[in-house]
Amino acid sequence: MLKRSRKKKPAWKHFNIIGKNEGSHTHVQCKYCSKSYQRAVPGRMQAHLDKYCKDAPNNAKSQSRQQNATLTIDKFSDSVNDEQQRSFEISLVKALTSTQTDSSFVDDPYVIELFRLLRSSFKLPNGEEIKSQMNGNEQLEFSSGFEYRQQQ
Ligand SMILES: [Zn+2]
């Protein structure tokens, strides 16, 4: 005999077993409406819950598929906490300072789009904010060593 998974498909949870028919087919009825199947076929039962049953609660609908979808979304839904946001900003300021790129770089729509694609949750500062951070950064970097005078 083939060993089959003992775990019943989730659709079973949403059907009442009414009885066994000849040939050991299980006779089931939807818990939420009067739909019944003389032969319990999890695929059809699930399809009923998913598409045809007006009263089936959300948790009756393709559980696995929903969970997978949620997982996928979670995996891709980006979140940036304050600390990360700050460290990204610092990196960005460093990169701009190092390449002597004008702070208006971050105001460019293509740059904004690029950052959005890379890290959707990162709140890209605008040029003014970057500028003040760049100034702050320069002061930090130079104030300890050489005498540095801001040329502005
Ligand atoms: Zn139903």
Side-chain angles (χ1 to χ4, degrees), residues 1-138 140-141:
M1 228 179 113
L2 278 173
K3 271 195 180 172
R4 300 190 73 172
S5 167
R6 272 186 214 159
K7 214 175 159 193
K8 280 187 169 175
K9 292 269 181 2
W12 282 97
K13 282 190 293 196
H14 305 285
F15 281 81
N16 290 318
I17 294 167
I18 293 173
K20 297 256 183 192
N21 295 329
E22 278 180 60
S24 77
H25 294 310
T26 310
H27 183 193
V28 293
Q29 183 176 31
C30 177
K31 284 185 182 176
Y32 313 106
C33 68
S34 57
K35 180 72 184 172
S36 73
Y37 290 98
Q38 297 292 327
R39 291 176 60 171
V41 180
R44 285 166 64 196
M45 288 149 66
Q46 189 61 63
H48 166 74
L49 294 167
D50 287 350
K51 293 180 222 159
Y52 306 109
C53 187
K54 286 193 180 78
D55 298 316
N58 273 334
N59 70 6
K61 307 197 180 204
S62 279
Q63 289 265 38
S64 56
R65 236 181 279 161
Q66 266 188 357
Q67 275 167 3
N68 285 343
T70 314
L71 281 179
T72 313
I73 291 164
D74 279 347
K75 216 196 269 174
F76 287 101
S77 81
D78 193 23
S79 72
V80 169
N81 63 32
D82 289 351
E83 206 179 313
Q84 289 172 317
Q85 171 75 29
R86 185 75 198 119
S87 83
F88 290 155
E89 284 178 18
I90 291 169
S91 296
L92 181 60
V93 167
K94 276 185 187 161
L96 295 178
T97 311
S98 169
T99 56
Q100 300 185 324
T101 304
D102 194 85
S103 58
S104 63
F105 174 79
V106 296
D107 292 328
D108 184 278
Y110 291 107
V111 173
I112 293 169
E113 175 68 4
L114 174 67
F115 276 92
R116 198 188 60 77
L117 289 171
L118 286 172
R119 202 70 203 250
S120 57
S121 303
F122 173 60
K123 291 182 272 305
L124 183 64
N126 63 35
E128 283 304 309
E129 289 167 318
I130 284 291
K131 199 183 220 173
S132 71
Q133 290 199 40
M134 282 166 90
N135 291 337
N137 205 37
E138 282 171 1
L140 274 181
E141 272 181 25

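Both counts, for ligands and for their atoms, begin at 1 and track the order of listing. Residue numbers count from 1 along this sequence. In this text the structure is predicted, and so the values were computed from the model without any measurement. All heavy atoms count here, side chains included; hydrogens, waters and symmetry mates do not.
Trp12 has its side chain within reach of Thr26: a pair of non-hydrogen atoms, C-beta onward, lies under 4.5 Å apart.
Remark: the Glu89 side chain and the Gln85 side chain contain an N/O donor-acceptor pair separated by less than 3.5 Å.
Contact annotation: His14 places no N, O or S atom under 2.8 Å from the Zn ion (ligand 1).
For Tyr32, the side chain to side chain contact (heavy atoms under 4.5 Å, CB included) partners are His14, Cys30, Leu49, Cys53, Asp55, Ala56, Pro57, Ala60, not counting sequence neighbours.
In this structure, SG of Cys33 and SG of Cys53 enclose an angle of 110° at the Zn ion (ligand 1), rounded to 10°.
Residue His48 approaches the Zn ion (ligand 1) most closely through its N/O/S atom NE2.
Salt-bridge annotation for Arg86 and Glu83: absent, with no side-chain N of the basic residue lying under 4.0 Å from a carboxylate O of the acidic one.
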